[in-house]
2 protein chains.
Amino acid sequence: MRTLAEENYLKAIYNLSQNETGATASKLSEKLNVKLPTINSMVNKLADKELVEYQKYKGFILTEKGQKQALEVIRKHRLTELFLVKIMGFGWEEVHDIAEEVEHIKSPLFFEKMDLILSNPKYDPHGAPIPDKNGKLPKTNLKLLANIEIGKTVRFVAVSDSSSDFLSYLSRVGISLYSNIEIIDREVFDGLLKIKVNKITTTLSGQVAEKILVE
Amino acid sequence: MRTLAEENYLKAIYNLSQNETGATASKLSEKLNVKLPTINSMVNKLADKELVEYQKYKGFILTEKGQKQALEVIRKHRLTELFLVKIMGFGWEEVHDIAEEVEHIKSPLFFEKMDLILSNPKYDPHGAPIPDKNGKLPKTNLKLLANIEIGKTVRFVAVSDSSSDFLSYLSRVGISLYSNIEIIDREVFDGLLKIKVNKITTTLSGQVAEKILVE
DNA sequence: ATAATTTGTTAGACTTGTCTAACAAATATA
DNA sequence: TATATTTGTTAGACAAGTCTAACAAATTAT
Ligand SMILES: [Mn+2]
Ligand SMILES: [Mn+2]
Ligand SMILES: [Mn+2]
Ligand SMILES: [Mn+2]
């Protein structure tokens, strides 16, 4: 039986592995709000269970088995987020923290029912793909808004940060998922971006443009 | 921060206290599937936190504070069960075990939303009253079907056992919550009961009649 | 009233998940 | 290259929640 802590570690390692930088002790420590030696002892345990591969002073990567388990939890998390938004009427900025708890419910029936009610959904409310029952993910080829050339128009399909603060900010400035965004201008110095969304011109900072995924 | 284990102990002690027999170590041990010495050490911890009152070799009772916390968890449990039945389409025999997990979700928003969606419901799918936000319960005066005189007709309003086995049995023999039940005859020896429900005559064992609450 | 049985308690061990303090390796800086 | 800084590891402690073995109190049966 997988514990709650184990599930959070697997998920965090999976998510960090998606960046080029990979999963290291210090990044995990920051992400999970846990001191470094704790990471060390937990990762050793996960390695004993053959869920991660790990060599001292190198980073960690999930084994096949570890990745499968991580994706099960991620599926529960994303299904939950969509259920909270679509069926329960929460805003997209409210659901991440609740899903962080609900994802640990063991009952498979509970999530199968969500899946049924939502008719096998493919994306969560932040545009992230929901792994299917076998842990398969559609491969997406998204770009950062920060890297799009001036003059182009792109479609906003996902965020890479689901914190309440960031999502509330986007809502406040009138940018919602699946909007079309036209790049009007970009300041070379700091990436400050002038865009047009729904005929309204707005300015976004470089940091924000780094968190917006488009196609 | 209340832990999951603590919440389960508080709830179990509360429920046992509702019987005349009160809450004893051995009954808690059976209810929570935990060995006797574990009960002992946990109850000592709860007593340190002033959640239960406890004297060696006597039973335990919840303090005011302990009772308030127990009722918070019971509220979450019963709201969840109703949400699962009414909104998610589960059967009444499927929801207890899922609610046993969901009741430990910390987010108050999650349960406030359920309450809103269900419009401040008063009873769970097993007929048990849902404590309000302040822990208040409507006082009900229910009788056991086993004690009703021959010839009377009563209304089935609650069960005292929400196990899947028991509830499936009731559904199978066509007895559902809020049915009217007429007592046709009772065997003195073992309480075997002949009843009429929806114009159909059925026979129930004494044990079953002890778990059906009527008014 | 004594003995047998049931119920409750204490002592001590173990696992999980966390911490701090001390130290070692790797990396960056001078 | 030598030194300083950052990152990772080991050792050892601790709280929570569980267990088994041994024993003591309370209750029931003889
Ligand atoms: Mn999320
Ligand atoms: Mn989580
Ligand atoms: Mn229940
Ligand atoms: Mn529970």
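These numbers come from the heavy atoms of this one structure, side chains and all, not from hydrogens, waters or symmetry mates. A note on names: the letters A, B, ... follow the listed sequences, proteins ahead of strands, and every chain is numbered from 1.
Put simply, the side chain of A:Ile105 does not reach to within 4.5 Å of the side chain of A:Lys76, judged on heavy atoms.
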Using the side chain to side chain contact (heavy atoms under 4.5 Å, CB included) rule, take A:Lys143 and A:Asn147 through it: C-alpha gap first, then chi angles, then the decisive distance, then the call.
-> CA-CA 7 Å; A:Lys143 292 175 186 130; A:Asn147 299 336; 5.7 Å; no
When you check every protein heavy atom under 4.0 Å of nucleotides 8-21 of chain D, what one-letter string (B, S, -) results, 5' to 3'?
-> BBBB----SBBBBB
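Between the side chains of A:Trp92 and A:Ser176, no donor-acceptor pair is found at a separation under 3.5 Å.
Of the options B:Thr24, B:Leu28, B:Leu46, a side-chain contact (heavy atoms from CB on, under 4.5 Å) to B:Phe60 is made by B:Leu28 and by none of the others.
Every residue was checked against the ring pair (Phe, Tyr, Trp, His ring centres under 6.0 Å) condition with B:His104, not counting sequence neighbours, and none meets it.
A:Leu46 has its CG atom 12 Å from the C1' atom of C:dT16, to the nearest Å.
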